[in-house]
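Shown next, in structure tokens, is the structure this report addresses.
Index from 1, following the sequence. Just follow the structure's listing: the first ligand is 1, and inside any ligand the first atom is 1.
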Amino acid sequence: MKVTKADLRLYAITDRQWLGGKDFYMVVEQVLKNGATFLQLREKNATHEQRVEEAKKIKQIAAKYHVPFVVNDDIWAAKEAGADGVHIGQSDMDYEQARKILGPDKIIGMTAKTVEQAVQAEKLGADYIGVGAVFHTTTKQDAKDMSRETLAAITKSVSIPIVAIGGITYDNMDSLKDTGVAGVSVISAIFAKEDEGAAAAALRKKADTLFGAARSLIFDMDGTLLDSMPYWRRLAREYATKKGAVLPPDFDEKTYTMDLNECSDYFIKELGIAGNRENMQKEVLEMIREHYKKDIRMKPGMKELIEREYQNGSRMCIFTTSEKACAKAALERLGVLSCFEKIYTVYDIGVNKRNPESYLKICEQMNFVPEDTIVYEDVLHAVESAKKAGCRVTAVYDADSAHLWEKIKQQADETICF
Ligand SMILES: Cc1ncc(COP(=O)(O)OP(=O)(O)O)c(N)n1
Ligand SMILES: Cc1ncsc1CCOP(=O)(O)O
Ligand SMILES: [Mg+2]
């Protein structure tokens, strides 16, 4: 995913004709510094050579603020300047040709004014769509006004992110809420203002409240993201069966509460399995690692939740009692590893989940404010610690903690139960 919804929250498009004598690059820097999340160089009166020069300079500024930067219309200028991509409309160069010139890694945004154009843009491979004019504008003379209904129909018809454009101001953008757009794209609402930086800051703040602010999230792994508890529960049985042991009827009941040492002793002394504690534990751990690598699944709805939060720009990390290699292998196989900034284990932190200090340490390392952080957890003692640390908690139901679910619900701020 080259462009996320969060990238499109406040999409600034340049127009230097508003700037009078002000330095173009200083203004662009102010706009980025004050919260623009995407930038387009749209200089209709510039020559190709001028655009390349401008794009080269702006590229440096945008990179400094980690903001994606595209050039309007002029694919060759984008290519020569090494911009992040282009924005093309229905009467500009066609998508396939632009993609051939720029290669697979660059951003190509497209304009759509109808559902059919949007569906076609997604089919072709566009990374996002600009839709408008959602309000009347004089900035683009040939732009036709679009109804809120058409905008909503377009956002429903595709799954790539959509940014609204045309006549958007601080005062009228409220009515774009709940249309499905990821954000707003503006020219005059920033570049025609006396203080462009202040205008960008105000628009960004409002866009965050209208289109979803990024959140700080800490996820437990086993029992919360992954349906791994049944694998742990079956592990002793799986191992003893593999070793050819005859299992007594009370095998599950007995081994369920044993730790690894007790379990190995039981295997050797009572079931006659050959080996010693150390080797057995190595073999058992190897068995569970294979499951993380190969077949443990995600709990229902969790992949969608993570992808949605990632799209929204939320910052996320994992906090687990399992081995880091297991977490990495499973999350990579399930296609969500890149959504997490970091995987912390209780061994890295040096404090277990019974101690609220563990959550405070993670918040400190991630630069999260505990009161603004949401912890996703399935076990009671961790829910209690996260609450004591001052975090909000979303409790996730897991069958292994079913007997404690009422208590968990009392502690948690929200619950997820499938
Ligand atoms: C984000 C975004 N959306 C739409 C447009 C309009 O593109 P186009 O229809 O090609 O018109 P011009 O901007 O080239 O006049 C855009 N530039 N950016
Ligand atoms: C480029 C473009 N495409 C549709 S409307 C528009 C102009 C947006 O400018 P403003 O934000 O000043 O209305
Ligand atoms: Mg164009």
>> Test your reading of the structure: does Ile187 have an N or O sitting under 3.5 Å from an N or O of ligand 2?
In response: yes
> Is Lys324 salt-bridged to Asp348, going by a charged N under 4.0 Å from an acidic O?
Replying inline: yes
>> Quick check on Lys44 - does any of its heavy atoms sit under 4.0 Å from an atom of ligand 1?
In response: yes
> Just distances here: any N/O of Tyr128 and N/O of ligand 1 closer than 3.5 Å?
Replying inline: no
>> So that I can tick it off, tell me whether Glu29 and Lys64 are bridged by a salt bridge, with the cut-off set at under 4.0 angstrom between side-chain N and carboxylate O.
In response: yes
> Which atoms of ligand 1 have any heavy atom of Ser185 under 4.0 Å away?
Replying inline: 1 (C)
>> Please find the pair of heavy atoms, one from Asp7 and one from Phe38, that lie closest to each other, and give the distance.
In response: O-CB, 3.3 Å
>> If you take the nearest heavy atom of each of Asp74, Thr111, Asn72, Ile13, which one is closest to atom 7 (O) of ligand 1?
In response: Thr111
>> Considering Asp92, Val163, Ile129 one by one, which has a heavy atom nearer to atom 10 (O) of ligand 1 than any of the others?
In response: Asp92
>> Using every non-hydrogen atom in the two residues, find where Ile154 and Val115 come nearest and quote the distance to one decimal.
In response: CG1-N, 3.8 Å
>> With rounding to the nearest 0.5 angstrom, report the CE to CG distance, Met280 to Leu285.
In response: 13.5 Å
> Can the positive tip of Lys353 be found less than 6.0 Å from the middle of the six-membered ring of Phe319, inside 45° of the ring normal?
Replying inline: yes
> What is the ring orientation for Phe219 with Phe340, classed by angle as parallel under 30°, tilted 30 to 60°, or perpendicular over 60°?
Replying inline: perpendicular
> Which residue and non-hydrogen atom of the protein lie closest to atom 5 (S) of ligand 2, and at what distance in Å?
Replying inline: Gly166 CA, 3.6 Å
>> Within ligand 2, which atoms have a heavy atom of Thr139 less than 4.0 Å away?
In response: 9 (O), 10 (P), 12 (O), 13 (O)
>> Tell me if the CD atom of Glu341 is crowded by more than 12 foreign heavy atoms within 6.0 Å.
In response: yes
> Distance under 6.0 Å and angle within 45° of the ring axis: does Arg234 meet both against Tyr231?
Replying inline: yes
> Going by the order shown, which atoms of ligand 2 are within less than 4.0 Å of some heavy atom of Ser188?
Replying inline: 10 (P), 11 (O), 12 (O)
> Can you name the one residue among Asp220, Asp227, Asp398 that meets salt bridge (charged side-chain N to carboxylate O under 4.0 Å, His left out) with Lys299?
Replying inline: Asp398
>> In this structure, does ligand 1 have an atom that sits under 4.0 Å from one of the heavy atoms of Gly109?
In response: no
> Can you list the ligand 1 atoms lying under 4.0 Å from a non-hydrogen atom of Gln40?
Replying inline: 1 (C), 2 (C), 16 (C), 17 (N), 18 (N)
> If you draw a sphere of radius 2.8 Å around the Mg ion (ligand 3), how many protein N/O/S atoms end up strictly inside it?
Replying inline: 2
>> Closer than 4.0 Å to some heavy atom of Asp73 - which atoms of ligand 1 meet that?
In response: 10 (O), 14 (O)
> Which ligand 2 atoms, with their elements, are less than 4.0 angstrom from a heavy-atom of Arg42?
Replying inline: 1 (C)
> For Ser185, is at least one N or O under 3.5 Å away from an N or O on ligand 2?
Replying inline: no
> Hey, which atoms in ligand 1 end up nearer than 4.0 Å to a heavy atom of Gly89?
Replying inline: 8 (P), 9 (O), 10 (O)
> Is Ala189 near ligand 2, meaning one of its heavy atoms is under 4.0 Å from it?
Replying inline: no
> Can you list the ligand 1 atoms lying under 4.0 Å from a non-hydrogen atom of Arg42?
Replying inline: 12 (P), 13 (O), 15 (O)
>> I need the minimum non-hydrogen distance between Ala98 and Ile88, along with the two atoms involved.
In response: CB-CD1, 4.2 Å
>> Regarding Glu43 and Arg51, does a basic nitrogen lie under 4.0 Å from an acidic carboxylate oxygen?
In response: no
> For ligand 2, which atoms sit closer than 4.0 Å to a heavy atom of Val186?
Replying inline: 11 (O)
> Rounded to the nearest 0.5 Å, what separation is found between the OG1 atom of Thr139 and the CZ atom of Phe191?
Replying inline: 12.0 Å
>> Taking NZ in Lys33 as the centre, count heavy atoms belonging to other residues, nucleotides or ligands within less than 6.0 Å. Is the count above 12?
In response: no
> For atom 13 (O) of ligand 2, which candidate among Thr137, Thr169, Asp15 provides the closest heavy atom?
Replying inline: Thr137
>> So for atom NZ, which belongs to Lys205, do other residues, nucleotides or ligands contribute more than 12 heavy atoms lying within a distance under 6.0 Å?
In response: no
>> Would Lys140 count as being in polar contact with ligand 2, using the rule that some N or O on each side must be under 3.5 angstrom apart?
In response: no
> Is the shortest side-chain N to carboxylate O distance from Lys303 to Glu307 below 4.0 Å?
Replying inline: yes
>> Please list, in number order, the atoms of ligand 1 under 4.0 Å from a heavy atom of Lys140.
In response: 11 (O), 12 (P), 15 (O)
> Between Lys409 and Glu406, is there a side-chain N and carboxylate O pair less than 4.0 Å apart?
Replying inline: yes
> Does an N or O anywhere in Ala133 fall below 3.5 Å from an N or O of ligand 2?
Replying inline: no
